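Reading through the structure tokens given below for one structure.
Positions are given from 1 along the sequence. Nothing here was measured: the structure is a model prediction, and the numbers come from that model.
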Amino acid sequence: MRKWLILSSCTFVLLGSCRNPAMFDENQEIEGSQWKIAQKPKFSVVIEDTLQNTDVYLNLRNSSCYPYNNIFLFVNTTFPNGKQAKDTLECILANEKGQWLGDGLGDIWDNRILFKKNVRFPQKGTYTFEIEQAMRVDPLPCILDVGWRLEKR
């Protein structure tokens with residue numbers, strides 16, 4: 001019994017250590033859990049290493065009262081040189097049976113959605129990422145937090 005406990009503890013530690021460290025991880029609360037179209041959370045990230053491969057994630061927390069199985073977002077990126085790019089992102093939050101896909105506790109669901117995989121930032125400096133909800137519902141109910149995460153590969 002003791003050997004099993006030691007073996008399972010070691011396995012848990014090893015599996016937990018496989019996660020890539022976050023270079024940046026920040027979430028912003030959506031006031032009153034009602035995401036207004038005019039509310040555009042911004043995240044500023046300083047990039048010093050242009051050779052580092054990075055995975056970029058969007059963090060999204062919703063409650064079970066969210067009325068849709070997906071959410072459309074616009075991601076506006078401002079580069080250190082002032083140039084801008086705009087991407088449209090669809091995030092699937094529930095399967096076709098209506099079961100939530102994120103990690104849940106009670107009626108709160110956390111989703112980490114891959115935005116870009118294995119990218120290198122082309123310039124050193126500050127990048128700004130602005131997230132807009134694009135669901136044409138104002139305000140969009142039951143969205144609690146929106147965040148941005150960068151992980152080293």
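Looking at every heavy atom in both residues, Ser44 comes nearest to Thr128 through OG-OG1, 3.5 Å.
In this structure Trp109 satisfies the side chain to side chain donor-acceptor pair (under 3.5 Å) test together with Ser64, sequence neighbours excluded. Residues satisfying the side chain to side chain donor-acceptor pair (under 3.5 Å) criterion with Glu48, sequence neighbours excluded, are absent altogether. For Cys142, the disulfide bond (SG atoms under 2.5 Å apart) criterion is met by Cys65, not counting sequence neighbours. Not counting sequence neighbours, Phe72 has no partner by the ring pair (Phe, Tyr, Trp, His ring centres under 6.0 Å) test. Remark: Tyr68 pairs with Tyr66 by the ring pair (Phe, Tyr, Trp, His ring centres under 6.0 Å) rule, at least two apart or across chains. Residues that satisfy the salt bridge (charged side-chain N to carboxylate O under 4.0 Å, His left out) test with Arg153, not counting sequence neighbours, are Asp55.
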Donor-acceptor list for residues 79-89 side chains, cut-off 3.5 Å, not counting sequence neighbours:
from  : atom 1 : to    : atom 2 : distance (Å)
Asn81 : OD1    : Lys83 : N      : 3.0
Gln84 : NE2    : Thr78 : OG1    : 3.3

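Using a 4.5 Å cut-off on side-chain heavy atoms (C-beta onward), Thr126 and Ile47 make no contact. Taking the side chain as every heavy atom from C-beta outward, Lys152 and Gln52 approach each other to under 4.5 Å. Inter-residue side-chain proximity for Tyr57 and Phe115 is flagged as unmet; no heavy-atom pair is nearer than 4.5 Å. When side chains are defined from C-beta on, Asn118 does not count as touching Thr54, because their heavy atoms never get closer than 4.5 Å. Annotation: side chain of Leu58 is in contact with side chain of Cys91 (closest heavy-atom distance under 4.5 Å). Looking at Asn76 and Lys40, their side chains never come closer than 4.5 Å, going by heavy atoms from C-beta outward. Residues Asn59 and Val146 form no side-chain contact, since every pair of their non-hydrogen atoms from C-beta on lies 4.5 Å or further apart. Contact annotation: the side chain of Asn111 approaches that of Asn62 to within less than 4.5 Å [non-hydrogen atoms, C-beta and beyond].
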Can you check side chain to side chain contact (heavy atoms under 4.5 Å, CB included) on Asn53 and Arg120, steps first, answer last?
CA-CA 5 Å; Asn53 291 345; Arg120 288 186 183 170; 2.7 Å; yes
Taking it one step at a time, do Gln133 and Ile143 satisfy side chain to side chain contact (heavy atoms under 4.5 Å, CB included)?
CA-CA 10 Å; Gln133 68 98 336; Ile143 300 295; over 6 Å; no
Using the rule given for side chain to side chain contact (heavy atoms under 4.5 Å, CB included), can you reason through Arg149 versus Arg112, listing the C-alpha separation, both sets of side-chain angles and the distance that settles it, and then say yes or no?
CA-CA 9 Å; Arg149 181 178 174 95; Arg112 181 169 294 153; 3.4 Å; yes
Tell me, with the steps shown, if Phe43 and Ile131 meet side chain to side chain contact (heavy atoms under 4.5 Å, CB included).
CA-CA 9 Å; Phe43 305 93; Ile131 314 299; 4.0 Å; yes
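Side-chain N or O atoms of Glu29 include none that pairs as donor or acceptor with a backbone N or O of Glu31 at under 3.5 Å. Without hydrogens or angle criteria, Trp100 side chain to Gly104 main chain gives no donor-acceptor distance under 3.5 Å. A side-chain donor-acceptor contact under 3.5 Å links Gln28 to the backbone of Lys42.
Its side chain within the 4.5 Å cluster rule, Leu144 clusters with Ile108 among the Ile, Leu, Val, Met, Phe, Trp and Tyr residues. The other members of the hydrophobic cluster of Ile92, by chain and number, are Leu101 (side-chain heavy atoms under 4.5 Å, ILVMFWY only). Grouped by direct or indirect side-chain proximity (heavy atoms under 4.5 Å, Ile/Leu/Val/Met/Phe/Trp/Tyr only), Phe74 sits alone.
Note that the NZ atom of Lys116 and the CG atom of Leu150 stand 11.5 Å from one another [nearest 0.5 Å].
For Asp103, the CG atom is loosely surrounded, since the number of other residues' heavy atoms within 6.0 Å does not exceed 12.
The side chain to side chain donor-acceptor pair (under 3.5 Å) pairs that include a residue from residues 136-145 are Arg61-Asp145, where partners are two or more places apart or lie in different chains. Applying the disulfide bond (SG atoms under 2.5 Å apart) test to pairs two or more places apart or on separate chains, none has a residue in residues 23-52.
When the options Phe24, Phe129, Tyr127 are evaluated for a ring-ring contact (aromatic ring centres under 6.0 Å, His included) with Trp148, the one that passes is Phe129.
Under the 4.5 Å side-chain heavy-atom criterion for Ile, Leu, Val, Met, Phe, Trp and Tyr, Leu114 and Leu60 are members of distinct hydrophobic clusters.
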